[in-house]
Trainee: 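Structure in structure tokens, see below.
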Amino acid sequence: MSNKTALAEEVAPSEIESDPERIVNDLAIQVATVNGSGSQSSNLVLLRALFRMGIPVGGKNLFPSNIAGLPTWFTIRANRDGWVARKRNVDYLVALNPQTAIRDVESLSPGSAVVYEESLRLERRRDDLVFYPAPFQELAAEVTREVRLRKLLANMIYVGLLGELLSIEVEEIFGAIDSQFRSKKAAVELNRRAVEIGIRHARENLVKRDPFTLERMDGNRGKILIDGNAAAGLGAMFGGASVATWYPITPSSSVVEQLTGFLKRYRKSPDGKATYAVVQAEDELAAVGMALAAGWAGARAMTATSGPGISLMSEFVGLGYYAEIPLVIWNIQRVGPSTGLPTRTAQGDILSTYALSHGDTKHVCLLPASTRECFEFGWRAFDLAERLQTPVFVLSDLDLGMNIWATEPFEYPDRPMDRGKVLTREDLERLGGTFQRYADVDGDAIPYRTLPGTEHPGAAYFTRGSGHDESAEYTESEEAYVRIMTRLDRKFETAREMVPPPVVDQAEPVSPLGIIGFGSSDPAIEEARNRLREDAAIEMDYLRPRALPFCPSVLDFITSHQRVVVLDQNRDGQLLQLLRAEYGDRIPPGVLRSLRHYSGHPMDAQTIVDYVTEMEIGAA
């Protein structure tokens, strides 16, 4: 007999008022609790249960930057059509935090449902919501007598309540608990019991009066749940990363933490010794210096950080650019400036990272928009860094990096590692024993290099951040400096042909309206395009840059449209600035329009729909 059947025999299902306007597999659930209360495990169980039911789902955690005690909100969006960008309106609120409960309730749209701790008496606040009270601590006391455990298990009570109210299959909730707690048998039993008590309370005491429900479908076949930072770490391992140096900083820490776990499992010699090095440095400056040295020595080296760390790395990055040393740097962007809002998302580093360091520098930046691209760029970045002999940045953000996304399984790298132009002993002998480290031999502005330990006297050269000529000799010659810097600029032009091209989706014939956005804005843009098409008959073409420098197709897209919205998750319209700086007067006046979102919340489709609708009304 299944657990669900046994439970059903004990208590009859709760009364459900008939509603002809049922809303199936389309809602946003927000759980409002306190940071450090243990709610994350319950939230993940809830999300995984929906995923196991085949419902497209995504989870976003809005949490404070302290360790414990401040408000936190976890939002799960389930949508039968696969839209999982942040939804501006919450349909189901679980209000367990007295600090924010009133504000949370007041923010809801009419018709939303509220599951809440009954002592808060939230039903007095509004008469246009559906309220479901429950004595969470009393119910948790039925699970265990231990006070500490009661506080934790109260979270799993609301999983049971929601399971009953929304028709989430009990077997899938239990399966998600098994997955969450794995070998901890006692924890599995306690949490299952807490869910059962939540279900029973709902059946005995609550009458369902809202239209929302969840039903099994087949929207997740073959998919996995993963966050972008884990995908990045996995991609780096597949890319041959052998040295990772880092300093912990939110939201990037888990990139190297996940990478370390993968390396421990898969990167050992036959005798069990590690074939990699992971070093936690004393600060970001030391971390990038170590990684740069490892890259110079021939290792595939990387570091990961966020905005404040990028600022500290500036001088060493300039050394990598001028001395032409391969290195991969992940920047998981957050809200700045300064400390800013460390646990909120943004795209505010694209302008500064692109030209990081003093003097004339320009860097290759990869711009992933999904966990699949986090994985792909995780290994591809090493190929680009070694082929171009330069630091390569991968710009993700907190939303993509730390939140949970459903994705198709990742594709194994489709090519062998590209170490670039590396001269061996045999190459040097063929060249007569000499080479010029910084000379353009092939016309692509990329020189040849040797690695330390190459057994040939002609392999040695000086690596310096001061003035040097083609032979790597020190010089303050104006002519030599101009030649080297001009070649570096031409190498950047070569990079345009190597970086991933943009994704372009446009109607035939081309619409007058287009949008350009990158990174984690992608899910909201795609949903907004669909809504504009279906609800307002507005077709909006889309270009998503996947890398800097821009490819020629970016200008072609802009000039083929009358109006192009440029979406930035920052205050100053940094992507717009880059486009204008790149193309100048080649862009007709009035074509580019700036949409800027910088609240720290992930991008939502409604903001785009509102902006475009108003713009198109004005254009008409």
Side-chain angles (χ1 to χ4, degrees), residues 233 236-247 255-256 259-260 263 267-269 273-305 313 315-330 357 363-364 378-394 416-428 431 433-439 446-466 468 471-474 488 491:
M237 184 192 71
F238 273 80
S242 55
V243 174
T245 60
W246 67 304
Y247 183 78
V255 173
V256 179
L259 172 62
T260 301
L263 293 175
R267 284 287 184 79
K268 293 181 179 179
S269 63
K273 294 182 179 179
T275 59
Y276 60 89
V278 177
V279 181
Q280 182 175 324
E282 61 268 31
D283 55 31
E284 292 90 346
L285 189 64
V288 72
M290 294 175 186
L292 204 60
W296 171 84
R300 288 203 145 184
M302 64 169 286
T303 186
T305 188
M313 293 179 179
E315 186 173 0
F316 262 131
V317 169
L319 171 63
Y321 174 83
Y322 191 38
E324 302 183 62
I325 302 172
L327 172 64
V328 172
I329 303 174
W330 278 83
S357 198
H363 305 293
V364 171
W379 62 262
R380 191 183 294 273
F382 287 105
D383 284 357
L384 285 169
E386 294 207 293
R387 169 56 64 180
L388 292 165
Q389 297 174 33
T390 194
V392 168
F393 291 87
V394 189
M417 294 180 192
D418 184 354
R419 303 303 307 269
K421 297 183 178 182
V422 178
L423 295 175
T424 64
R425 175 181 178 179
E426 292 73 21
D427 294 329
L428 290 167
L431 294 170
T434 61
F435 85 107
Q436 289 184 297
R437 170 65 182 94
Y438 296 112
I446 303 173
Y448 285 82
R449 63 176 175 140
T450 57
L451 300 179
T454 303
E455 296 182 357
H456 193 288
Y461 64 90
F462 280 101
T463 303
R464 56 179 100 238
S466 54
H468 51 267
S471 298
E473 295 181 0
Y474 174 78
L488 287 171
K491 184 169 75 169

Trainee: Go through the steps to decide whether Trp246 and Val278 satisfy the test side chain to side chain contact (heavy atoms under 4.5 Å, CB included), and finish with yes or no.
Mentor: CA-CA 8 Å; Trp246 67 304; Val278 177; 3.9 Å; yes
Trainee: What pairs with Glu473 under side chain to side chain donor-acceptor pair (under 3.5 Å), at least two apart in sequence or on another chain?
Mentor: none
Trainee: Taking all heavy atoms of Gly298 and all of Leu451, pick out the closest pair and write down the distance.
Mentor: CA-CD2, 3.8 Å
Trainee: Scan for side chain to side chain donor-acceptor pair (under 3.5 Å) pairs involving residues 448-463, sequence neighbours excluded, and state none if there are none.
Mentor: Trp296-Thr463, Glu386-Arg449, Arg437-Tyr461, Asp442-Tyr448
Trainee: Identify every side-chain donor-acceptor pair in residues 316-327 under 3.5 Å, counting partners at least two apart or on other chains, and give the distances.
Mentor:
| unit_1 | atom_1 | unit_2 | atom_2 | d |
| --- | --- | --- | --- | --- |
| Glu324 | OE1 | Arg487 | NH1 | 3.2 |
| Glu324 | OE1 | Lys491 | NZ | 2.9 |
| Glu324 | OE2 | Arg487 | NH1 | 3.4 |
| Glu324 | OE2 | Arg487 | NH2 | 2.4 |

Trainee: Of the non-hydrogen atoms in Arg387 and Ile446, which two are nearest, and what is the gap between them?
Mentor: O-CG2, 3.3 Å
Trainee: Please find the pair of heavy atoms, one from Ile329 and one from Val288, that lie closest to each other, and give the distance.
Mentor: CD1-CG2, 4.2 Å
Trainee: Going from OG on Ser269 to OH on Tyr276, what distance comes out if it is rounded to the nearest 0.5 angstrom?
Mentor: 10.5 Å
Trainee: Looking at residues at least two apart in the chain, or sitting in another chain, which of them share a side chain to side chain donor-acceptor pair (under 3.5 Å) with Thr275?
Mentor: none
Trainee: Counting distance only, does the side-chain N/O of Arg300 pair as donor-acceptor with the main-chain N or O of Val328 below 3.5 Å?
Mentor: no
Trainee: Roughly how far, to the nearest 0.5 Å, is the OG1 atom of Thr303 from the CG atom of Leu292?
Mentor: 11.0 Å
Trainee: In Å, rounded to the nearest 0.5 Å, how long is the span from CG of Leu428 to CD of Glu426?
Mentor: 9.0 Å
Trainee: Give a yes or no on whether the backbone of Asp418 and the side-chain of Asp383 come within a donor-acceptor separation of less than 3.5 Å.
Mentor: yes
Trainee: More than 12 heavy atoms of other residues, nucleotides or ligands under 6.0 Å from CZ of Phe435: is that the case?
Mentor: yes
Trainee: Going by the rule side-chain contact (heavy atoms from CB on, under 4.5 Å), which residues pair with Tyr474 if we only count those two or more places apart in sequence or in a different chain?
Mentor: Arg464, Ser466, Glu476
Trainee: Closest heavy-atom contact between Ser242 and Ala299?
Mentor: OG-CB, 3.5 Å
Trainee: Find the distance between CZ (Arg267) and CE (Met237) and round it off to the nearest 0.5 Å.
Mentor: 6.5 Å
Trainee: Taking all heavy atoms of Ala294 and all of Ala301, pick out the closest pair and write down the distance.
Mentor: CB-CB, 3.7 Å
Trainee: Identify the two heavy atoms, one from Ala472 and one from Phe462, that lie closest to each other, and give their separation to 0.1 Å.
Mentor: CB-O, 3.4 Å
Trainee: Which pairs would a plain distance check flag for residues 280-287, meaning a side-chain donor or acceptor within less than 3.5 Å of a matching protein atom at least two apart in sequence or in another chain?
Mentor:
| unit_1 | atom_1 | unit_2 | atom_2 | d |
| --- | --- | --- | --- | --- |
| Asp283 | OD1 | Leu285 | N | 3.2 |
| Asp283 | OD1 | Ala286 | N | 2.7 |

